[in-house]
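One structure is given here, and the rest of the page talks about it.
Quick caveat: nothing in here was measured; it's all calculated off a predicted structure.
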Amino acid sequence: MYHSKITGLGFYVPDNVVTNDDLSKIIETNDEWIQERTGIQERRHIIPGEDTTTSMGVKAAEIAIERSGLDKHDIDFIVFATLSPDYYFPGPGVLVQRDLGLKTIGALDVRNQCSGFIYALSVADQYIKTGMYKNILVIGSEVHSSGLDMTSRGRGVSVIFGDGAGAAVLSREEDLTKGILSTHLHSEGQHAEELVLKAPGMGGRWVSDILADNDPDDESYYPHMNGQFVFKNAVVRFSEVINEGLQANNLEVSDIDMLIPHQANLRISQFIQNKFELSDDQVFNNIQKYGNTTAASIPIALTEAWEQGKIKSGDTIVLAAFGSGFTWASAIIKW
């Protein structure tokens with residue numbers, strides 16, 4: 001039995017900065033309204049034709065692989081988390097294999113939205129623990145901007161999301177006191193429709209139905225979120241899954257050196273920080289700059305925290321996420 005250890009991190013966001021004031025020119029909203037509810041000041045949007053979910057994932061992956069000290073051909077497997085693939089099929093994992101010029105290694109796509117990166121990390125961790133693979137590339141990447149309702153009708157959702165990608169290289173670690181100590185995954189599908197994008201989908205409205213109806217009031221192909229319901233569930237599940245991870249490893253809240261929550265809403269992160277009585281130095285947030293990048297938010301935040309020297313060898317790191325599904329997850333890492 002082995003542990004898996006993060007040996008390289010990288011992230012990429014588009015150059016195109018979209019501020020709250022920029023959005024106020026096309027949507028009935030304003031900077032004060034957005035910041036009060038979400039904490040977001042700006043986000044990045046791709047310029048169509050310049051970036052895709054896959055291309056951003058590749059750019060983040062190249063940085064992570066270089067920092068790991070590995071050759072790209074040392075990568076044994078790819079796990080790619082996203083809700084916004086370039087194509088309906090195939091998924092972006094195989095496109096990363098192609099664009100990085102890797103050997104014909106396996107590639108797996110994970111569709112768990114906001115908790116997708118931790119789910120992907122957990123899958124990779126199991127492969128390494130059992131000895132099946134030695135070095136796995138894990139990516140979270142999203143393009144939201146192309147699929148948002150950028151009118152006043154959609155302002156409750158569209159102001160929240162941004163585009164970007166983060167990546168991590170997981171490698172075999174023989175010291176069982178280091179690396180990923182445990183991951184904890186949960187779901188509650190009875191609330192699937194509270195945060196959902198229904199169409200196009202094989203179970204209901206497909207593209208042909210949308211075209212046939214040609215209904216300008218059709219919102220089925222835009223994200224729907226019951227914001228208050230999601231918030232109330234998020235703060236409960238975040239707390240539960242963090243405590244679950246601590247208890248599984250005989251740790252106390254005081255042992256947390258850095259908590260990196262999924263960047264869903266700054267108000268959620270602040271609620272959790274206050275509940276656990278953590279200092280500002282123990283929690284890392286960057287939603288103010290990037291918005292909610294779903295599966296990319298944790299690897300982007302983890303990379304920035306590491307780049308800024310906020311994560312050091314021997315630190316206990318907690319990752320936690322909650323989102324559509326509902327799904328929620330945590331990972332406990334000894335750096």
Is the side chain of [X] donor-acceptor paired with the backbone N or O of [Y] at a distance under 3.5 Å, no angle test?
X    : Y    : value
D315 : K312 : yes
E50  : I47  : no
S187 : G189 : no
H3   : L176 : yes
D71  : H73  : yes
N265 : R37  : yes
N16  : R44  : no
S145 : H45  : no
S55  : D51  : no
D163 : I46  : yes

Could you tell me whether the side chains of [X] and [Y] share a donor-acceptor contact shorter than 3.5 Å?
X    : Y    : result
T294 : H144 : yes
N30  : S24  : no
S158 : D149 : no
Q270 : N274 : no
D255 : T316 : no

Sequence neighbours left out, cut at 3.5 Å: what donor-acceptor pairs do the side chains of residues 131-141 make with other protein atoms?
| residue | atom | partner | partner atom | Å |
| --- | --- | --- | --- | --- |
| N135 | OD1 | S171 | OG | 2.7 |
| N135 | ND2 | D74 | O | 3.3 |
| S141 | OG | T53 | O | 2.7 |

Check this for me: does any side-chain nitrogen of one of [X] and [Y] sit under 4.0 Å from a carboxylate oxygen of the other?
X    : Y    : answer
K72  : E62  : no
K129 : D125 : yes
K289 : E304 : yes
R67  : E307 : yes
K310 : D257 : no

If the test is side-chain hydrogen bond (donor to acceptor under 3.5 Å, both in side chains), which one of E142, Q263, H262 qualifies with S297?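 Exactly one candidate clears the test, H262.
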Pick out which of H191, E193, E194 makes a side-chain hydrogen bond (donor to acceptor under 3.5 Å, both in side chains) with N226.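 With N226 as partner, H191, E193, E194 yield a single side-chain hydrogen bond (donor to acceptor under 3.5 Å, both in side chains), made by E194.
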A cation-pi test, strictly: NZ or CZ of R43 under 6.0 Å from the centre of the six-membered ring of Y290 and no more than 45 degrees from its axis. Yes or no?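 Not flagged: R43 not positioned over aromatic ring of Y290.
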A cation-pi test, strictly: NZ or CZ of R155 under 6.0 Å from the centre of the six-membered ring of W33 and no more than 45 degrees from its axis. Yes or no?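 Satisfied, under 6.0 Å and within 45°.
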Please name the residue in the list V18, I34, N20 that meets the side chain to side chain contact (heavy atoms under 4.5 Å, CB included) test with V159.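 The side chain to side chain contact (heavy atoms under 4.5 Å, CB included) with V159 is passed solely by I34 among V18, I34, N20.
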Test ring pair (Phe, Tyr, Trp, His ring centres under 6.0 Å) on F326 and H186; report intermediate values, then the result. CA-CA 8 Å; F326 288 150; H186 297 276; over 10 Å; no
Should the heavy atoms of other residues, nucleotides or ligands under 6.0 Å from CD of E188 be counted, would the total exceed 12?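 Enclosed.
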Heavy-atom count around Q190 CD within 6.0 Å, excluding the residue itself: above 12?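 Above 12, so yes.
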Derivation of the side chain to side chain donor-acceptor pair (under 3.5 Å) call for T7 and S68: CA-CA 5 Å; T7 55; S68 74; 4.6 Å; no
Which class fits the ring pair W206 and Y88: parallel under 30°, tilted 30 to 60°, perpendicular over 60°?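 Perpendicular: the ring planes of W206 and Y88 meet at over 60°.
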Walk me through it: do K103 and D76 pass the test salt bridge (charged side-chain N to carboxylate O under 4.0 Å, His left out)? CA-CA 8 Å; K103 295 177 291 186; D76 303 316; 5.5 Å; no
